[in-house]
There are 2 protein chains.
Amino acid sequence: MSRRDEVLQAAIELLDEVGLDDLTTRRLAARLGVQPGALYRHFTSKQALLDAIVEQLVTLEPPPPATQEGWAEQVSATATVARAGMLAHRDGARLVATMGAPGPSARAGFERLVAVIAAGGAPAEAAMLATDTVFAYVNGFTIEEQARKVTGPSAVPRSERDRQFAAGLGLIIDGIRAALR
Amino acid sequence: MSRRDEVLQAAIELLDEVGLDDLTTRRLAARLGVQPGALYRHFTSKQALLDAIVEQLVTLEPPPPATQEGWAEQVSATATVARAGMLAHRDGARLVATMGAPGPSARAGFERLVAVIAAGGAPAEAAMLATDTVFAYVNGFTIEEQARKVTGPSAVPRSERDRQFAAGLGLIIDGIRAALR
DNA sequence: ACCTGAACACCGTTCAAGT
DNA sequence: ACCTGAACACCGTTCAAGT
C-alpha cells in the first residue's frame, strides 16, 4: 500500500467521521501526524484528493450479475448498486455530484448499462438516453435522500427508502419498456 | 426594497459573476462597499444567505398553466420550469441540491404536482411517489447538466440538452401512465 | 437601523530546506 | 521519497463601539 493510498484511506475515514464540510487538508494532515504541506507530495490539490475518493466510491460497485436474462433486472441491479456505493460513505452522493469530469469507473458503468439496454432491443441512441435518465434519477434521489432522510429527527428508515427508490426506478423501467415496443 | 433584499440581490449578481465557490462573504461585502461583519445584521449566517438565494430561484417559477386538461402536460410543464429556474443562475442546481430543508416554495411545487397526478387518477401514495421520481430526475439531470455541459470545450448546445431532458422526462411520464392503468 | 474596527480561529497552497 | 518550517493570501464570524 503506497503512501498515497494511506493518505486516501485516511481521508475517507475522516470524511465518514466529520462530513464533507469539515474534511479539511489541515485536519487530514493532523490525523496523519504530518504538516499540511506534506499532503501536496501525494495529491496536487484538495480537489484531486476528492476526485480520488469519488473514484474509489464508484469503483467499489461490483458489476451486476451478468447471468441475468432480462435487461430490466440488470438495470435495476446497476441502479441499486450505484446508490449503495454513494450511501456507503457520509455525503457520498453530494461528493459524486460535485465532481467535475466522470472518472473511468463512472464511464465504464455508463457504457455497461447502455450495452445492457441495447441488448434488450433498443437502438443505440435510445439506450443512451435511457441510461442517462436512470443515472439522473439515481443521483437525484440519493442526493436528496442523504441530505434529508438519513439523519436527524425526521429520519425515514432505510427499508422505507429502499422501497421508494425501487418503486420510482420501476416507473422508469416501465417507461423504457414501453419505448421498446 | 429593504436593505436585506439589496444584499440578497447583490449576492445573486455575485453568484452569476464568480460562481458558488467564489461567492464569499468578504467579496459580497466589498461589492456592497461595507465591512464583512455588517452582513450579519441582515443574515444570521452565510448558509442563511444561500437558503434565501435558493428560495428566490425556486419562487421565480410561475405555476404551469392550470388550464391544461391532461396531467401529463402539467407534469412536463412543471419539470421544465423547475429546470429552467435552476439553469437561470450559475451553479443553481448545485445550490438547490446542497440546501438542507426545502423552503415553502419547494414544498408548494411538490404538493401542486401531487395534486395534478392524483387528479389524473392515481391514489395518493402513487401520486407522491411519481412526484418524488420526477423531481429526483429533474434535479439529477440538471446538476449533471450544469456541472459538465453548460460550459467548457465539450459544451452541448442548449437545444440538444432540452431534447434530451424532454425525452427522459417522457420515459418517466410513460411509466406513470402505465401505472395508472 | 446600520455600519466600523478589530480581532479570533481557521482555510488551501507554495517552497526552500532538511533527512 | 517524504517531510518540516514558515510563510502568503485568504476564509466565516463575533462584538464592542460609533452614527
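Labels below follow one simple rule: chain letters A, B, ... track the order of the sequence lines, proteins then strands, and each chain is numbered from 1.
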**Report entry** For Asp22(A), all residues meeting side-chain contact (heavy atoms from CB on, under 4.5 Å), sequence neighbours excluded
**Finding:** Val18(A), Arg27(A)
Requested in this report: Using the test ring-ring contact (aromatic ring centres under 6.0 Å, His included), find all partners of Phe43(B) that sit at least two apart in sequence or belong to another chain.
Outcome: none
**Report entry** Residues in side-chain contact (heavy atoms from CB on, under 4.5 Å) contact with Val34(A), at least two apart in sequence or another chain
**Finding:** Ala29(A), Leu32(A), Ala38(A)
Query raised in the report: Got a sec, which residues hit side-chain contact (heavy atoms from CB on, under 4.5 Å) with Ala72(B), two or more places apart in sequence or on another chain?
Result: Ile173(B), Arg177(B)
Requested in this report: Spell out, yes or no, whether Met99(B) and Phe135(B) are grouped together once hydrophobic residues are joined by side-chain heavy atoms under 4.5 Å, including indirect joins.
Outcome: yes
Query raised in the report: What residues in residues 10-27 of chain A put a non-hydrogen atom under 4.0 Å from any atom of DNA chain C?
Result: Thr24(A), Thr25(A), Arg26(A), Arg27(A)
For residues 4-12 of chain A, which side-chain donor-acceptor pairs fall under 3.5 Å, sequence neighbours excluded?
| from | atom 1 | to | atom 2 | distance (Å) |
| --- | --- | --- | --- | --- |
| Arg4(A) | NH1 | His42(A) | O | 3.4 |
| Glu6(A) | OE1 | Arg3(A) | NE | 3.4 |

Query raised in the report: Within the distance-only criterion (no hydrogens, no angle test), does the side chain of Asp174(A) pair as donor or acceptor with the backbone N or O of Ala178(B) below 3.5 angstrom?
Result: no
Query - Residue-level proximity of residues 35-48 of chain B to DNA chain C when a heavy atom falls under 4.0 Å - result: Gln35(B), Ala38(B), Arg41(B), His42(B)
Query raised in the report: Paired stems touching DNA chain C, three or more consecutive Watson-Crick or G-U pairs with both distances under 3.5 Å?
Result: C:4-8 with D:12-16, C:12-16 with D:4-8
Query raised in the report: Where does the chain B footprint on DNA chain D start and end, counting 5' to 3' with a 4.0 Å heavy-atom cut-off?
Result: dC11(D) to dT14(D)
Requested in this report: With sequence neighbours left out, write down each residue that passes side-chain contact (heavy atoms from CB on, under 4.5 Å) with Glu125(B), or none if nothing qualifies.
Outcome: Arg163(A)
Report task. Just grab all the salt bridge (charged side-chain N to carboxylate O under 4.0 Å, His left out) pairs involving residues 29-42 of chain B, residues at least two apart or on different chains. Result -> Glu13(B)-Arg31(B), Glu17(B)-Arg31(B)
Report task. State whether Phe165(A) and Arg83(A) meet the cation-pi test: NZ (Lys) or CZ (Arg) under 6.0 Å from the six-membered ring centroid, and within 45° of the perpendicular axis. Result -> yes
Query raised in the report: Mind checking the C1' distance from dA17(D) to dC2(C)? Whole angstroms is fine.
Result: 13 Å
Query - All side chain to side chain donor-acceptor pair (under 3.5 Å) counterparts of Arg158(B), not counting sequence neighbours - result: Asp162(B)
Query raised in the report: Do the side chains of Pro102(A) and Arg148(B) get nearer than 4.5 Å, heavy atoms only?
Result: yes
